[in-house]
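From a predicted model like this one, the values you see are computed outputs, not experimental measurements. Chain naming here is simple, since letters A, B, ... match the order of the sequence lines and numbering starts at 1 in each.
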2 protein chains.
Amino acid sequence: MQDDPRVPAEIADKIGYQLRNAQLAVFAGFNEQFAALDLRPAQFSLLAVLDAYPGIVQARAGELLGFQKANFTPFVDALERRKLVVRVRLDGRTNGLLLTPAGRALLRRARRLADAHERTVTAGLSPRDRRLLGELLERITAAARRDAAAAARSA
Amino acid sequence: MQDDPRVPAEIADKIGYQLRNAQLAVFAGFNEQFAALDLRPAQFSLLAVLDAYPGIVQARAGELLGFQKANFTPFVDALERRKLVVRVRLDGRTNGLLLTPAGRALLRRARRLADAHERTVTAGLSPRDRRLLGELLERITAAARRDAAAAARSA
DNA sequence: TATTGTTATACTCTATAACTATA
DNA sequence: TATAGTTATAGAGTATAACAATA
């Protein structure tokens, strides 16, 4: 091997490869910024959901973030143990989720970090390019979901 | 909750959230298409690498795909057990990796599936938009890697 | 001494099945 | 009968440390 090997174009040009690389790089930076808060991206997302929808039913919140309900239980447990979130029994089988004051305070700090990280990562893009990127990603996401749903039907 | 809850804009507008959604959707479709071949995206990538660089040293191939060497060993083991890949001892401590005829045959089938999947997912994008998307993702990836490296240095 | 490859290990994330209890 | 929540479990994927053998 004279020269350094490169990922072949047939792979490097694939949308899935490009998306995965970008996502890994962005999440790696996010996790480093958020290490001081001990918050993962999904945890930050739940805090934001609970701020927007105080008292939301646990099952709804989990769906919104793409969780299987079986996995959402220990996920909420961890935040409740840290007193960032509380469950309140709404009826015999339903939990409402609420931020605690500590949860709101942590969310405020997390927002500042997340906004700073967002600015850093998108600094090279004009507002117009950033908007365009979001639209292109949305179109890819929608097309991929249609495809996956069609494949699931025919399987 | 009268209306259906939505992921708050402060999350939905983040580049990381959008990338993750897109990547999950694209990989889900890929995995459904590839279930018949029992091939994951990373396995397909390695087959393509070995086709482009026959005899590449195991450590180089692993680096290229972002593997920790400790994880790459069982990854190669699985493909070798299926007779898609062979290790050849190059010197006392170095393995070269090669496709077997069965590996080449599977790669041919995988390419057809991958190309079809790629066309489906990007069908809504003009060639110009597809190119632009790749460029924007590349810029995001580079910026995120610079940021993560800087954060790691200051930590 | 640095590199290659391996084993052992652990943690996160995700997936399914089965169960309780409640509406 | 369907829904909400939980437990148990298993499989990927990824991370680090430690080691043997070799360059």
Side-chain angles (χ1 to χ4, degrees), chain A residues 1 4-5 16-17 19-21 23-25 27-28 30-32 34-35 38-46 55-81 85-97 148 152 155, chain B residues 1 4-5 16-17 19-21 23-25 27-28 30-32 34-35 38-46 55-81 85-97 148 152 155:
Chain A
M1 209 68 47
D4 277 6
Y17 182 85
L19 287 170
R20 183 181 137 86
N21 266 346
Q23 197 241 312
L24 284 179
F27 270 50
F30 182 100
N31 282 328
E32 272 173 11
F34 272 65
D38 192 20
L39 258 201
R40 317 297 250 107
Q43 294 176 318
F44 172 51
S45 296
L46 179 58
I56 187 174
V57 169
Q58 178 173 321
R60 285 326 118 239
E63 281 169 20
L64 206 50
L65 299 176
F67 275 88
Q68 308 276 339
K69 65 177 180 173
N71 297 326
F72 198 51
T73 293
F75 183 85
V76 174
D77 287 347
L79 294 173
E80 198 171 31
R81 254 183 273 112
V85 163
V86 284
R87 290 173 164 103
V88 293
R89 209 66 179 177
L90 296 184
D91 64 32
R93 71 179 178 188
T94 312
N95 294 333
L97 300 182
Chain B
M1 209 67 49
D4 277 7
Y17 181 85
L19 287 170
R20 183 180 137 85
N21 266 346
Q23 198 242 311
L24 284 180
F27 270 48
F30 183 100
N31 283 327
E32 273 173 11
F34 273 65
D38 191 19
L39 258 202
R40 316 297 251 109
Q43 293 176 319
F44 172 51
S45 296
L46 179 57
I56 187 174
V57 169
Q58 178 173 322
R60 287 324 119 241
E63 280 169 19
L64 206 51
L65 299 176
F67 275 87
Q68 307 277 337
K69 64 177 179 172
N71 298 326
F72 198 50
T73 293
F75 184 84
V76 174
D77 286 348
L79 294 173
E80 198 171 32
R81 256 183 273 112
V85 163
V86 284
R87 289 173 164 103
V88 292
R89 208 67 178 176
L90 297 183
D91 65 30
R93 69 177 179 188
T94 310
N95 295 333
L97 299 182

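- Distance CZ (Phe67(A)) to P (dC13(C)): 8 Å, rounded to an integer number of Å.
- Remark: the backbone N or O of Gly92(B) is paired with a side-chain donor or acceptor of Arg89(B) at under 3.5 angstrom.
- At the phosphate of dA15(C), OP1 or OP2 sits under 4.0 Å from a side-chain N or O atom of Gln68(A).
- Where Glu63(A) and Arg40(B) meet DNA chain D, the nucleotide closest to each residue was compared, and Glu63(A) sits on the side nearer the 5' end.
- Taking atom CG on Asn31(A) and atom C1' on dT14(D), their separation rounds to 13 Å, with Å as the unit.
- In this structure, Gln23(A) places its CD atom 13 Å from C1' of dG13(D), rounding to the nearest Å.
- What separates CZ of Arg20(B) from P of dT12(C) is a distance of 16 Å, to the nearest Å.
- Contact between the side-chain N/O atoms of Arg60(B) and the OP1/OP2 oxygens of dG5(C) is not found at any separation under 4.0 Å.
- Minimum interatomic distance between Ala148(B) and Glu32(A) (heavy atoms only, all atoms of both residues): O-OE1, 2.7 Å.
- What separates CD of Gln43(A) from P of dC11(C) is a distance of 16 Å, to the nearest Å.
- Taking only distance into account, the side chain of Arg93(B) never meets the base of dT4(C) through a donor-acceptor pair shorter than 3.5 Å.
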Under 3.5 Å, which N/O atoms of the protein pair with N/O atoms of nucleotides 6-9 of chain D?
unit_1 : atom_1 : unit_2   : atom_2 : d
dT6(D) : OP1    : Arg87(A) : NE     : 3.3
dT6(D) : OP1    : Arg87(A) : NH2    : 3.4
dT6(D) : OP2    : Gln58(A) : NE2    : 2.8
dT6(D) : OP2    : Thr73(A) : OG1    : 2.8
dT6(D) : OP2    : Arg87(A) : NH2    : 3.2

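- Across all their heavy atoms, Phe27(B) and Gly16(A) have their closest contact at CE1-O, 3.5 Å.
- The residue among Thr94(A) and Phe75(A) whose nearest nucleotide of DNA chain C lies closer to the 5′ end is Phe75(A).
- A donor-acceptor pair is defined here as one N or O able to donate and one able to accept, closer than 3.5 Å; such a pair exists between the side chain of Glu80(A) and the backbone of Arg87(A).
- With values rounded to the nearest 0.5 angstrom, Phe44(B) atom CZ is found 5.0 Å from Phe34(B) atom CZ.
- Closest of all the heavy-atom pairs between Leu64(B) and Pro5(A) is CD1-O, 3.3 Å.
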